[in-house]
Amino acid sequence: MSSNLVIYNTLSRKKEIFEPINPPMVGLYVCGPTVYSDVHLGNCRTFVSFDLIYRYLLYSGYKVRYVRNITDAGHLEGDRDEGDDKFAKKAKLEQLEPMEIVQKYTIGFHDVLRLFNTLPPSIEPTATGHISEQIEMVKQIIANGYAYEVNGTVYFDVEKYSKNNDYTILTNRQLEDMLNNTRELGGQDEKKGRLDFALWIKAKPEHIMRWPSPWGVGFPGWHIECSAMSNKYLGHQFDIHGGGMDLAATHHTNEIAQSQACNHTNPAKYWMHTNMLTVNGARMSKSAGNGFLPRELFTGDHPLLTRGYSPMSVRFFMLQAHYRSTLDFSNEALEASDKGYRRLMNAIALLPKLKASASSEVDFEEIKQRFIAAMNDDFNSPVLIAELFEVVRIINSVYDNKTKIDAKGLAQLNTLVNDFVFNILGLKDDQTENNGDLEKLMDFIIKLRQEAKASKDYATSDLIRNSLQEMGFQLKDSKEGTVWSKS
Ligand code: AMP
Ligand code: ZN
């Protein structure tokens, strides 16, 4: 197990040696998507970053319980418990039930993450599946004196909490500044303090997603779901809590306050935040309307793109930046990453063709230590990738008979590629993989059809050809045999 892993902790604002609470177990909680619309590439960047972190923790020998929630209720348009419910609004727009919206976009989210080759989390709990846990937590916060009810809505009392806790511990902002940047309360406001936020919200008559509670019929606030679910599956305090940087100031700040008020502890030892994917310097976001859909990227169907890019090439593009740096999205940047990705995959494709010599000129153990050092330094994937290009150079040189490696070196090289390129970076060769499988499958189907024809079973041979045609595959018979193409 690696004991030299260093992680940047948002809480202490510095890099710290990673010391899990209960090794080799590691509890990892990452805030998941709000499934009222398609995820954009910015969201994907955050989930790919945590996939890298999850994969490296596994490689390092930890047993990780990775919990990533699905927010399927309780998200209002305004930041501070105002505006329409996003799910209800979308349901109305698409003429669907709110839970149909949830199902549709959850499936879309899973499909996209599968294309990016991310590993599924160990547990993927939903907010609507944990209403009673959230109610229990709100009850406890009230009992501990940190929340109050007004007309069926329960608010967290930030002012009272701040008297003996540091509300801005995560971002180190001044409470005064926060107050000055928040709208003053008006006569219609129910809450006592400007920074108070809702734990439970009274449902208006037209609100569809609603549950009974000790405070009447309502629905949970956004922040309480993550506190309740992380507490249920990972305990009062677990190792790592993650999410995009935009969540630190409000969502995670409130999560810490809720857990402190309920369980008297900060829920996580390490807080990790991924930086934003930007377009022309502006954060990619659903509300700003500059969100690229992964689908547009794969097909190239977008005015800013000259062509489509494969999911693996986009994953490579994301991993070429450190997770704490911003990453600016542009056609040129994608084009450059795609070239790098192809160069890496082309070299790896040569591996089975390399011949072992009697002696070796390369020390692969030393290279492996450099790879590990890069990843141990707060998951520095860009440095790892730069080191990998040294291996690309070696592979090409061995292939050209300019460098010698022995059988042991060849085995080490294969293990290195397997561990670091496929398992840790989570890359795969999109070309040989997809086409290789399809090629084999089509050869098999063509053979079946030839056998049907040979035994004069024309009904079956026609069925095969017509069915393939319906799926967009054309078969062309000639003297040399049958070839296929896809329309
Ligand atoms: P949401 O579905 O809006 O709750 O976002 C899901 C995750 O994506 C959260 O962890 C956000 O912080 C993250 N996120 C949102 N926008 C971006 C962006 N432009 N770049 C990176 N991560 C983002
Ligand atoms: Zn969350």
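When a ligand or atom number is given, it counts from 1 through the structure's own listing order.
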Q. Are His241 and Tyr270 close enough that their ring centres sit under 6.0 Å apart?
A. no
Q. Which of these passes ring-ring contact (aromatic ring centres under 6.0 Å, His included) with Phe18: Phe379, Tyr56, Tyr62?
A. Tyr62
Q: May I ask you to decide if the ring planes of Tyr161 and Tyr146 are parallel, tilted or perpendicular, using 30° and 60° as cut-offs?
A: perpendicular
Q | N/O donor-acceptor pair under 3.5 Å between Thr46 side chain and Gly243 backbone | A | no
Could you list each nitrogen or oxygen of ligand 1 that sits under 3.5 Å from a protein nitrogen or oxygen, with the atom names and the distance?
{"from": "ligand 1", "atom 1": "2 (O)", "to": "Thr34", "atom 2": "N", "distance (Å)": "3.0"}
{"from": "ligand 1", "atom 1": "2 (O)", "to": "Lys286", "atom 2": "NZ", "distance (Å)": "3.2"}
{"from": "ligand 1", "atom 1": "4 (O)", "to": "Thr34", "atom 2": "OG1", "distance (Å)": "3.0"}
{"from": "ligand 1", "atom 1": "5 (O)", "to": "Asn43", "atom 2": "ND2", "distance (Å)": "3.2"}
{"from": "ligand 1", "atom 1": "8 (O)", "to": "Asn43", "atom 2": "ND2", "distance (Å)": "3.1"}
{"from": "ligand 1", "atom 1": "10 (O)", "to": "Gly244", "atom 2": "N", "distance (Å)": "3.0"}
{"from": "ligand 1", "atom 1": "12 (O)", "to": "Gly244", "atom 2": "N", "distance (Å)": "3.2"}
{"from": "ligand 1", "atom 1": "12 (O)", "to": "Asp246", "atom 2": "OD1", "distance (Å)": "2.4"}
{"from": "ligand 1", "atom 1": "12 (O)", "to": "Asp246", "atom 2": "OD2", "distance (Å)": "3.4"}
{"from": "ligand 1", "atom 1": "19 (N)", "to": "Leu277", "atom 2": "O", "distance (Å)": "3.1"}
{"from": "ligand 1", "atom 1": "19 (N)", "to": "Met284", "atom 2": "O", "distance (Å)": "2.7"}
{"from": "ligand 1", "atom 1": "20 (N)", "to": "Gly42", "atom 2": "O", "distance (Å)": "3.4"}
{"from": "ligand 1", "atom 1": "20 (N)", "to": "Leu277", "atom 2": "N", "distance (Å)": "2.8"}
{"from": "ligand 1", "atom 1": "22 (N)", "to": "Gly42", "atom 2": "O", "distance (Å)": "3.0"}
{"from": "ligand 1", "atom 1": "22 (N)", "to": "Thr46", "atom 2": "OG1", "distance (Å)": "2.7"}

Q) So, does Asn43 use its side chain to make a donor-acceptor pair with the main chain of Val39 at under 3.5 Å? A) no
(Q) Using only atom types and a distance under 3.5 Å, with no angle test, would you say the side chain of Asn380 pairs donor to acceptor with the backbone of Ala374? (A) no
Q.
Is the ring pair His207/Phe219 parallel, tilted or perpendicular, if the boundaries are 30 and 60 degrees?
A. parallel
Q: Specify whether His252 and Trp271 have parallel, tilted or perpendicular ring planes, treating 30° as the upper limit for parallel and 60° as the lower limit for perpendicular.
A: tilted
**Q.** Whether Arg68 side chain and Leu28 backbone form a donor-acceptor pair below 3.5 Å
**A.** no
Q: Sort by chain and number the protein N/O/S atoms found under 2.8 Å from the Zn ion (ligand 2).
A: Cys31 SG, Cys226 SG, His251 NE2
